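Worksheet for the structure shown next.
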Amino acid sequence: MDLVSILAESTRSAFGPIAAIYALAAIGLNLHFGYTGLLNFGQVGFMLVGAYGVGISVELFGLPLLVGFGVGLACAFLLALLLGIPTLRLRADYLAITTIAAAEVLRLVYRAGFAEPLTGGVYGLQNLSDGFRSINPFDPGERYGWGALAYNGNHMWVLVVTWGLVAVMCGLVWMLMHSPWGRVIKGIREDEEAVRSLGKNVFAYKMQILVLGGLVGALAGCMLAVYQASIQPDQFKPQVTFFLWVILLLGGAGRVFGPVLGAMAFWFLMNFTDGVLRGLGSMGLLPFLDGPDYGAIQLAFVGLLLVLLIVFRPQGLIGDRKEMLINVK
Amino acid sequence: MSSDEMGSSAGVEVDRMAGAVPEPGSVKSDPILVADRVRRSFGGLTAVDVRRLEVQRGTITALIGPNGAGKSTLFNLLTGFDRVDQGDWTFQGSKINGKPGHKVARAGMVRTFQLTKALTRMSVLDNMLLGAQDQFGERMAGAFLRSVWGRQERANTVRALELLERFKLIDKREDMAGSLSGGQRKLLEMARALMTDPAMIMLDEPMAGVNPALVQSLLGHITSLRDEGKTVLFVEHDMDVIMGISDWIVVLAQGQVIAEGTPSDIRSNKQVIDAYLGAQDVDEAGSADE
Amino acid sequence: MRTRLATVLLALITAILVIPGPAATADEQGGESLYGQILDPQDRDQGVEGIMITIHSGEDEIAAVETGPDGNWEAELPGPGTYRVVVDQESIPSEFALRESSIVVDGESEVEVAAGDERPLILALEEAGASEDADSTETPSDGADAQDGGADAPADDESIAAPTTSGSFGDRFAQLTASGLLYGLVIAISAIGLSLIFGTTKMINFAHGDMVTFGAMIALLFSTGSAGLGNSLLAIFLGLAGAVLLGAFFDGRIARMPLLIAQWAAIMLGIALATVLGLMGDSVGWQVPLWAAAVIAVAMGAVLGAGMEQYVWRPLRHRNVALIQMFIVSIGVALVLRHVILVLFGAGRSRYAGYQIQDTVSLGPISMPPRDLVVMGVAIVVLVAVACLLQFTRIGKAMRAVSDNRDLAESSGINVDRVTLYVWGLGGGLASLGGVLYGLNQIVEYEMGFRLLLLMFAAVILGGLGTAYGAMVGGLAVGLVAMLSTLWFPTQMMQAWALALMILMLLVRPQGLLGRRERVG
């Protein structure tokens with residue numbers, strides 16, 4: 001087992017496009033949960049409508065990529081309204097149930113046979129990144145970066161744009177959360193009745209944040225479509241949402257850079273454990289397991305990580321322990 | 001006309017109430033809040049059934065009654081925190097029944113909670129600033145224009161600091177609200193409610209769980225609110241407190257108003273003594289010590 | 001802590017940056033490739049093996065690959081450029097044909113591959129003659145969608161199989177009502193636990209679906225012959241059961257220390273026994289009929305539920321972990337449970353042997369295999385039994401009391417922790433039973449429970465969160481709506497209709513059919 005190359009590969013993935021896309025989606029989740037306390041267990045649904053907005057517009061109708069982004073974001077907007085209107089007046093758990101169910105139902109509908117003319121069914125859509133690559137300022141044949149962190153031109157372009165979006169979103173979140181609007185949002189997380197008693201329309205604020213976080217999630221979905229050039233519905237299984245939760249809690253909920261740090265740490269860990277498992281497997285140290293099991297073990301490990309984080313380190317890597325301890329609910 | 005009387009002689013109860021008759025549903029000369037036939041039932045149980053209730057502007061009105069009399073439910077209904085089965089009520093002449101809590105608060109009727117709702121993971125100052133109304137920066141698009149809301153924020157901060165000074169919380173302004181003691185949280189909640197610049201402030205058991213040393217200062221704050229021209233309606237258990245500072249007392253039992261009047265009227269009201277004081281005397285002695 | 005972590009992380013990152021990764025750039029050098037998966041159009045979980053694909057650059061053939069057992073193929077390319085992919089039509093099984101699409105014409109496809117690209121290429125099969133037939137059906141635009149056409153609908157693994165009888169509308173209506181009833185009963189049985197657990201602890205158990213899967217898998221294991229794995233699992237659960245029972249009966253009655261020691265001794269004993277049995281391996285093989293396996297599954301499900309309560313949820317409650325945090329923990333537990341099941345039992349899809357092919361029994365317009373009648377019978381008996389338990393027994397009344405108002409129940413002398421433990425046991429057992437019944441009617445696989453969970457959510461919200469009877473009513477309603485919707489709409493929309501029903505309910509009566517208004521505030 002070559003530990004150095006496993007470490008190098010893990011680091012590479014911590015900075016890679018997937019980490020950036022997950023960071024973006026986790027920023028949306030951070031707006032929902034970290035700042036407002038909304039339990040969104042269906043963030044992957046927003047990613048799905050974003051990705052398919054791009055996919056359907058670009059592959060089926062041959063529209064420009066930017067229109068595809070617009071369609072994806074519009075779908076996310078509608079989805080947020082659909083989820084929010086019935087649930088945001090109710091207790092937090094109703095939103096949790098509705099979002100987890102809606103995201104999975106969306107996936108089932110998008111992969112269904114009758115939707116195939118539009119969504120490509122289980123096969124999904126492809127040929128989605130030509131428009132994006134045509135404006136690539138990097139040379140696709142060149143390699144950029146150093147050591148383990150060298151990427152070819154196309155990937156570099158995706159990286160620059162996605163991390164750029166992450167940076168912009170972080171700036172946006174910082175500005176919002178350091179404004180009176182953000183103060184109301186954080187107040188709602190603490191106690192929405194108290195905020196209501198001070199004359200704030202809590203429902204409207206929750207709706208705004210649900211839409212905003214959903215849009216950021218959809219943007220992540222759009223970038224996923226562009227990066228992979230193809231999408232399949234089964235990429236949008238519920239575990240994506242749970243990855244995002246681990247990312248958020250790992251990094252620190254309610255912190256501007258929590259999702260970014262969390263995404264990098266998470267993908268580092270995922271690739272590291274995968275590499276180690278495979279290494280051990282190839283050395284014959286895991287006699288009971290074979291190839292496909294490693295993925296399952298990893299997912300079980302993600303679940304365990306979620307439990308341990310929330311119980312023993314709810315503030316994540318960069319949260320404030322003291323702030324968390326005050327939280328007596 | 002009543003505002004003249006109010007300004008002239010603080011402490012003379014008869015003046016403030018302008019000779020209202022001490023009977024259930026009595027008519028006031030200058031009511032700020034008028035409620036008509038307010039009903040709310042849970043399952044088969046009628047929690048509140050108030051035929052008529054008027055609250056005189058610029059007074060301290062206490063709402064008392066034995067446990068389960070429906071005081072808190074009535075409070076929740078009037079402030080839009082619970083849905084009513086039937087009934088109308090107006091505040092400063094405009095109908096507010098059926099309006100959600102935030103609209104009631106914007107209309108100038110702000111409430112506090114029996115179990116204090118300090119926003120624990122926010123600083124005391126942020127708690128206060130949340131109370132300010134009509135903030136441009138509280139709109140989503142407005143949030144990005146710091147140059148526009150910055151000035152308003154500074155003005156609000158000045159006012160918040162003044163209020164914190166008055167409520168002796170100025171040293172705690174940067175602390176997390178969760179680190180305050182129970183009594184300080186009550187003070188913070190009251191100060192925060194004042195940040196909204198209400199015409200009427202509704203206090204749900206402001207003395208519950210407050211250490212006796214703080215009670216006097218809380219009482220002082222409540223009377224000074226009235227002296228500034230605000231109307232106070234509060235729910236309370238402690239009879240001594242109520243008798244000492246209220247201009248008018250409304251007694252609720254089994255969801256209905258059974259008596260109204262000045263403290264001296266209530267003290268001598270036989271029905272109240274039967275329904276409430278007699279039964280409650282023993283309990284009061286116990287709960288006052290907490 | 002924070003700075004320490006940051007330092008470690010930074011040091012690590014610097015180290016990696018300095019080390020030129022030897023293998024790190026592997027995918028950069030010979031990076032370009034084409035890959036894909038060819039699936040069986042009748043069963044989208046099965047790949048089609050042995051389809052030949054050649055790749056040409058200009059006139060030269062540069063690669064020839066063949067799909068593997070799972071339908072996967074991958075071809076390394078020499079560099080970026082435009083390639084022509086040709087699928088050998090002869091190698092495609094005669095019942096299928098390659099589907100034409102915007103980029104696949106006559107079995108050929110032109111693809112452009114950029115530098116460093118690993119490009120997927122979608123090559124899909126359809127049933128031979130499907131595209132010709134399509135024009136004659138009512139929906140010509142549906143082109144490749146032969147599968148919507150009634151009786152020959154393929155078993156799409158992700159959707160729930162609905163009976164596809166032909167016949168008059170009335171006949172289909174009756175038939176679907178019957179299967180909706182069956183389905184609703186299964187949902188109701190599984191959802192009672194979910195609702196009761198919510199009632200007693202105010203927690204939504206997102207792992208409930210995986211408890212359903214657990215029951216189905218255990219029954220499958222013991223009915224098809226259990227050896228090392230089954231014996232070991234049984235031993236571990238025996239140990240856990242011992243610990244839970246000790247806790248249930250002696251908690252608060254004897255001193256804490258000896259109780260703890262006894263409990264851990266039971267668990268250790270279980271693990272030791274499991275190890276011994278595991279080492280003996282398949283030499284101790286045995287097999288029981290399905291009904292007995294179901295009994296074992298229900299017992300183990302009850303132990304699983306009660307064990308989770310005792311060793312996860314109760315400690316968390318006593319640590320005053322907030323409810324929202326508990327939801328997240330239950331998501332984590334669900335992930336762990338689901339994937340441990342996946343590792344232990346694999347991703348295969350199976351049915352209970354011996355119950356697959358049965359002659360149907362006709363009752364008027366309705367025809368059903370006997371196994372479905374048995375499922376319905378068992379479900380009804382169990383539902384009535386649970387209702388009696390809740391209505392007439394002391395523990396049942398206590399459950400309802402705690403569910404109604406935990407604080408009030410506690411102050412009136414009910415041992416709330418013990419009642420909660422029983423609720424989890426009951427919920428776990430019922431979820432397992434639901435899994436067995438569901439598995440009899442459908443297919444057993446590791447994600448079945450999660451799919452059922454969505455319908456359970458719809459059921460409990462429809463009936464009223466926290467009420468056991470609400471879960472029963474809601475389950476039946478959701479089952480009926482889901483099945484009857486297939487009269488007009490594709491089967492894959494079933495869950496969507498259940499969800500729509502749930503959202504509608506939240507809009508008009510968020511407390512549910514049997515809930516009380518105060519609860520949702």
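Every chain is numbered from 1 and lettered A, B, ... according to where its sequence line falls, protein lines coming before strand lines. Everything quoted here is computed from the prediction, not taken from an experiment.
For B:F113, the part sitting under 4.5 Å from any heavy atom of chain A is the side chain, from C-beta outward, and nothing else. Residue B:F136: no heavy atom, backbone or side chain, is found under 4.5 Å from chain A. Of the two parts of B:R139, only the backbone, made up of N, CA, C and O, holds a non-hydrogen atom closer than 4.5 Å to a non-hydrogen atom of chain A. Only the side chain of B:T196 comes within contact range of chain A, with heavy atoms under 4.5 Å apart. Heavy atoms of B:A118 lying under 4.5 Å from chain A are absent altogether.
Note: A:V184 leads A:V184, A:I185, A:V195 in heavy-atom pairs under 4.5 Å with chain B. Most heavy-atom pairs under 4.5 Å with chain A, from the set B:Q135, B:Q133, B:M122, B:M195: that is B:M122. Ranked by heavy-atom pairs under 4.5 Å with chain A, the list B:V104, B:L129, B:N127 is led by B:L129.
The side-chain heavy atoms of A:H178 and B:R146, taken from C-beta on, include a pair separated by under 4.5 Å.
Between B:L130 and A:K200, the closest heavy-atom pair is O-CE, 2.9 Å.
Counting heavy atoms of neighbouring residues, nucleotides and ligands inside a 6.0 Å radius, atom CG of B:L145 exceeds 12 of them. Residue-environment remark: CZ (A:F77) stays at or below the threshold of 12 foreign heavy atoms within 6.0 Å.
Checked by atom type and distance alone, the side chain of A:K186 never pairs as donor or acceptor with a backbone atom of B:R121 at under 3.5 Å.
One finds the CE atom of B:M140 at 4.0 Å from the CH2 atom of A:W181 (value rounded to the nearest 0.5 Å). Note: A:E190 CD to B:T120 OG1 = 4.0 Å, rounded to the nearest 0.5 Å. Going from atom CG of B:L119 over to atom CD of A:E192 covers 11.5 Å, rounded to the nearest 0.5 Å.
Using a cutoff of 4.0 Å between basic side-chain nitrogens and carboxylate oxygens, B:R111 and A:E193 are not scored as salt-bridged.
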**Asked** Should A:V202 and B:H102 be marked as a side-chain contact (heavy atoms from CB on, under 4.5 Å) after you check the CA-CA gap, both sets of side-chain angles, and the distance that decides it?
**Response** CA-CA 8 Å; A:V202 169; B:H102 66 273; over 6 Å; no

**Request:** Starting from the C-alpha separation in whole Å, work towards a yes-or-no answer on side-chain contact (heavy atoms from CB on, under 4.5 Å) for A:S179 and B:W149.
**Result:** CA-CA 9 Å; A:S179 77; B:W149 56 257; 3.7 Å; yes

**Message:** Between B:R106 and A:N201, does the side-chain contact (heavy atoms from CB on, under 4.5 Å) criterion hold? Intermediate values first, please.
**Reply:** CA-CA 10 Å; B:R106 280 182 205 167; A:N201 185 350; 3.9 Å; yes

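Residues of residues 205-219 of chain A that come within less than 4.5 angstrom of chain B, heavy atom to heavy atom, are A:Y205, A:Q208, A:L212 in numerical order.
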